[in-house]
Amino acid sequence: MAPELLNLLLVRGDRVGRIVEVEAYGGERDPASHAFRGPTPRAAIMFGEVGRLYVYRSYGVHWCANVVAHGDEGAGAVLIRAVEPVAGLAAMWPARPAARREVDLASGPGKLCAALGISADDLGADLLGPASTVRLLDDGMAPPNEPTVGPRVGISVATEVPWRFSVPGSPHRSRPW
DNA sequence: ATAGAGATTGCCT
DNA sequence: GGCAATCTCTATA
């Protein structure tokens, strides 16, 4: 379902971004996944109710946002890797002091959390709940028929698994393919 | 208790 | 292109 998230809107307060790049992580059989070692305290949410927000700290510096997604059993999550700023840009600029161009505002998993203001406060938010701090919205733009597919980024194991998806040609993606 | 690694970013050369 | 920043989790003792 990771590519199905492409072109959906990620909303926090008055800041809105359109998802242009995602990366899927599996359960206990995916050595690159936080769920690989079972439902540990951090990873337990990946084994729970789908459609919730999983936020974790990356390199002690950044927050990363995931959508919990899996079948009837098992575990998994989809990392949001990049969004295109759609609304609330005025609040995004001061949250991203290093960004000088609009395309750099949210073109990475840590960047988009900073731009939208997503942090541990939002951990576990029901992304489809109308009252949640962080929400996923469908404004009618369908996901791309043929998303760009490639290997996952920043991991040292199972790098051959082609579970990175993006909107073809979007200038807001995190890294060149 | 403690050590090592990490789904990244931005500044430096 | 190299590398530091800095927190959390997990494994080992």
Side-chain angles (χ1 to χ4, degrees), chain A residues 1-6 8 10 12 15 17 19-48 50-70 74-85 92-125 127 134 136 147-167 170-177:
Chain A
M1 75 155 288
E4 297 295 312
L5 295 177
L6 293 173
L8 289 181
L10 187 64
R12 187 178 194 282
R15 300 182 231 179
I19 297 172
V20 297
E21 184 177 334
V22 298
E23 210 162 71
Y25 286 87
E28 296 181 275
R29 291 203 305 285
D30 179 0
S33 173
H34 290 167
F36 181 57
R37 301 181 188 279
T40 58
R42 178 177 66 166
I45 187 170
M46 291 178 68
F47 291 77
V50 299
R52 322 234 28 148
L53 184 69
Y54 167 38
V55 178
Y56 70 91
R57 184 78 95 162
S58 173
Y59 289 90
V61 185
H62 314 287
W63 298 107
C64 291
N66 302 253
V67 180
V68 174
H70 55 77
V78 181
L79 172 67
I80 311 297
R81 284 198 57 89
V83 305
E84 171 188 346
M92 293 185 189
W93 283 113
R96 290 274 304 124
R100 311 181 57 159
R101 304 176 305 165
E102 186 258 333
V103 292
D104 297 322
L105 230 31
S107 57
K111 297 177 187 177
L112 88 258
C113 283
L116 294 180
I118 294 173
S119 73
D121 292 344
D122 306 301
L123 178 63
L127 292 167
V134 180
L136 226 34
T148 304
V149 182
R152 297 183 287 187
V153 173
I155 57 174
S156 55
V157 290
T159 53
E160 75 287 357
V161 180
W163 279 356
R164 181 188 184 202
F165 306 91
S166 76
V167 175
S170 170
H172 301 273
R173 295 184 295 181
S174 69
R175 295 206 204 180
W177 238 260

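First the proteins, then the strands, lettered A, B, ... as listed; each starts at 1.
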K.L.:
Using a strict cut-off of less than 4.0 Å between a Lys/Arg side-chain nitrogen and an Asp/Glu carboxylate oxygen, indicate whether A:R173 and A:E21 qualify as a salt bridge.
P.N.:
no
K.L.:
Could you check which of B:dA7, C:dT8, B:dT8 has an atom nearest any side-chain atom of A:I155?
P.N.:
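It is B:dA7.
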K.L.:
Contact class for A:R96 vs. all strands (heavy atom < 4.0 Å): base, sugar-phosphate, or nothing?
P.N.:
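Sugar-phosphate, backbone atoms only, no base.
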K.L.:
With respect to the side chain of A:V61, which nucleotide from C:dA5, C:dT10, B:dA7 is positioned closest?
P.N.:
C:dA5
K.L.:
Which is more 5' along DNA chain B, the nucleotide nearest A:G60 or the one nearest A:S107? Just name the residue.
P.N.:
A:G60
K.L.:
Can a side chain N or O of A:H34 be found less than 4.0 Å away from OP1 or OP2 on B:dA7?
P.N.:
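So the side chain of A:H34 is within the cut-off, an N or O lying under 4.0 Å from OP1 or OP2 of B:dA7.
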K.L.:
For A:G110 and A:C64, which heavy atoms make the closest approach, and how far apart are they?
P.N.:
N-SG, 4.5 Å
K.L.:
Could you tell me how far apart A:Y54 (OH) and C:dT8 (C1') are, to the nearest whole angstrom?
P.N.:
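It is 10 Å, rounded to the nearest whole Å.
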K.L.:
Measuring from the side chain of A:K111 (C-beta onward, heavy atoms only), which nucleotide among B:dT8, B:dT9, B:dA7 has the closest atom?
P.N.:
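Of the candidates, B:dT9 comes closest.
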K.L.:
Of the nucleotides B:dG10, C:dT8, C:dA5, which has the atom closest to the A:A98 side chain?
P.N.:
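So the nucleotide nearest the side chain must be B:dG10.
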K.L.:
Under 4.0 Å between any heavy atoms, over every strand shown, what does A:R152 touch: base, sugar-phosphate, or nothing? Just pick one.
P.N.:
nothing
K.L.:
Among B:dA7, C:dC9, B:dT9, which nucleotide has an atom closest to any side-chain atom of A:T40?
P.N.:
C:dC9
K.L.:
Would you say the side-chain atoms of A:R81 pair up with the backbone N or O of A:S166, donor to acceptor, closer than 3.5 Å?
P.N.:
no
K.L.:
Evaluate whether the aromatic ring of A:Y56 and the six-membered ring of the B:dA7 base sit under 5.5 Å apart, centre to centre, with an inclination under 30°.
P.N.:
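The base of B:dA7 is not stacked with A:Y56 (the test needs centres under 5.5 Å and planes under 30°).
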